[in-house]
Amino acid sequence: MAIIVNLDVMMAKRKMSLNELSEKIDLTLANVSILKTGKAKAIRFSTLNAICKVLDCQPGDILEFKN
């Protein structure tokens, strides 16, 4: 079982670059990249909230559970 991060998909749908998202959510480029590639071990609710607000999406659009 695994949690799949679809941040790259939502960024593509919104035509937003990694740099632009990083600036808008006030998170380092390296940390956003770690999230985007699915290598993150955890995510703060405040970060998830900021991402959803900027990308105008729901947490379920970014995070997916696969058995």
Side-chain angles (χ1 to χ4, degrees):
M1 69 183 162
I3 300 293
I4 309 300
V5 180
N6 295 316
L7 183 57
D8 54 341
V9 174
M10 287 308 300
M11 288 173 59
K13 285 181 180 179
R14 302 297 189 255
K15 295 182 172 88
M16 188 171 294
S17 70
L18 198 64
N19 287 331
E20 187 178 356
L21 181 62
S22 172
E23 289 174 9
K24 288 188 177 192
I25 64 172
D26 196 29
L27 201 63
T28 66
L29 188 60
N31 284 337
V32 177
S33 180
I34 288 168
L35 282 172
K36 183 181 170 194
T37 58
K39 294 180 182 175
K41 301 287 184 197
I43 184 170
R44 291 178 187 248
F45 281 135
S46 58
T47 302
L48 185 58
N49 183 55
I51 291 170
C52 288
K53 188 174 182 179
V54 168
L55 293 178
D56 190 30
C57 65
Q58 295 293 314
D61 296 329
I62 297 170
L63 302 174
E64 176 184 354
F65 174 76
K66 290 237 177 163
N67 200 3

Which residues satisfy the salt bridge (Lys or Arg N to Asp or Glu O under 4.0 Å) test with Lys24, sequence neighbours excluded? Glu20
By side chain to side chain contact (heavy atoms under 4.5 Å, CB included) - contacts of Ala50 (at least two apart): Ile25
Output the distance between atom CG (Leu21) and atom CG (Asp8), rounded to the nearest 0.5 Å.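 Between atom CG of Leu21 and atom CG of Asp8 there are 11.5 Å.
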Could you pull out all residues at least two apart from Glu23 that satisfy side-chain hydrogen bond (donor to acceptor under 3.5 Å, both in side chains)? none
Can you name the nearest heavy-atom pair linking Ser33 to Leu18, along with the distance? CB-CD2, 4.0 Å
Can Ile51 be reached from Val54 by stepping across I, L, V, M, F, W or Y side chains whose heavy atoms are under 4.5 Å apart? yes
For Thr28, check side-chain hydrogen bond (donor to acceptor under 3.5 Å, both in side chains) against everything at least two apart and list the hits.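 Thr28 satisfies side-chain hydrogen bond (donor to acceptor under 3.5 Å, both in side chains) with Asn31 only.
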If hydrophobic clusters are built by linking Ile, Leu, Val, Met, Phe, Trp and Tyr wherever their side-chain heavy atoms come under 4.5 Å apart, do Leu7 and Ile34 end up in the same one?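 Different clusters.
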Rounded to the nearest 0.5 Å, what's the gap from CD1 on Ile43 to CG on Leu48? Could you check? 5.0 Å
Consider only side-chain heavy atoms of I, L, V, M, F, W and Y, link residues closer than 4.5 Å, and tell whether Val32 and Leu63 are in one cluster.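 Yes; tracing contacts between hydrophobic side chains, which count when under 4.5 Å, links both residues.
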Which residues satisfy the side chain to side chain contact (heavy atoms under 4.5 Å, CB included) test with Asn19, sequence neighbours excluded?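 Asn19 satisfies side chain to side chain contact (heavy atoms under 4.5 Å, CB included) with Ser17, Leu29 only.
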Heavy-atom side-chain contact between Leu35 and Thr47 under 4.5 Å: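 Yes, close enough: below the 4.5 Å cut-off.
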Closest heavy-atom pair, Arg14 versus Leu55, reported as atoms and distance to 0.1 Å, is NE-O, 2.5 Å
Tell me the closest heavy-atom pair linking Pro59 and Cys52, and the distance in Å. N-SG, 3.5 Å
Taking only residues at least two apart or on different chains, which pairs with a member in residues 44-61 satisfy salt bridge (charged side-chain N to carboxylate O under 4.0 Å, His left out)?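 Pairs touching residues 44-61 that pass the test: none.
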Report the distance from atom CE of Met11 to atom SG of Cys57, rounding to the nearest 0.5 Å. 11.5 Å
Cluster question for you: counting only ILVMFWY and a side-chain heavy-atom cut-off of under 4.5 Å, with indirect links fine, are Phe65 and Val9 together? no
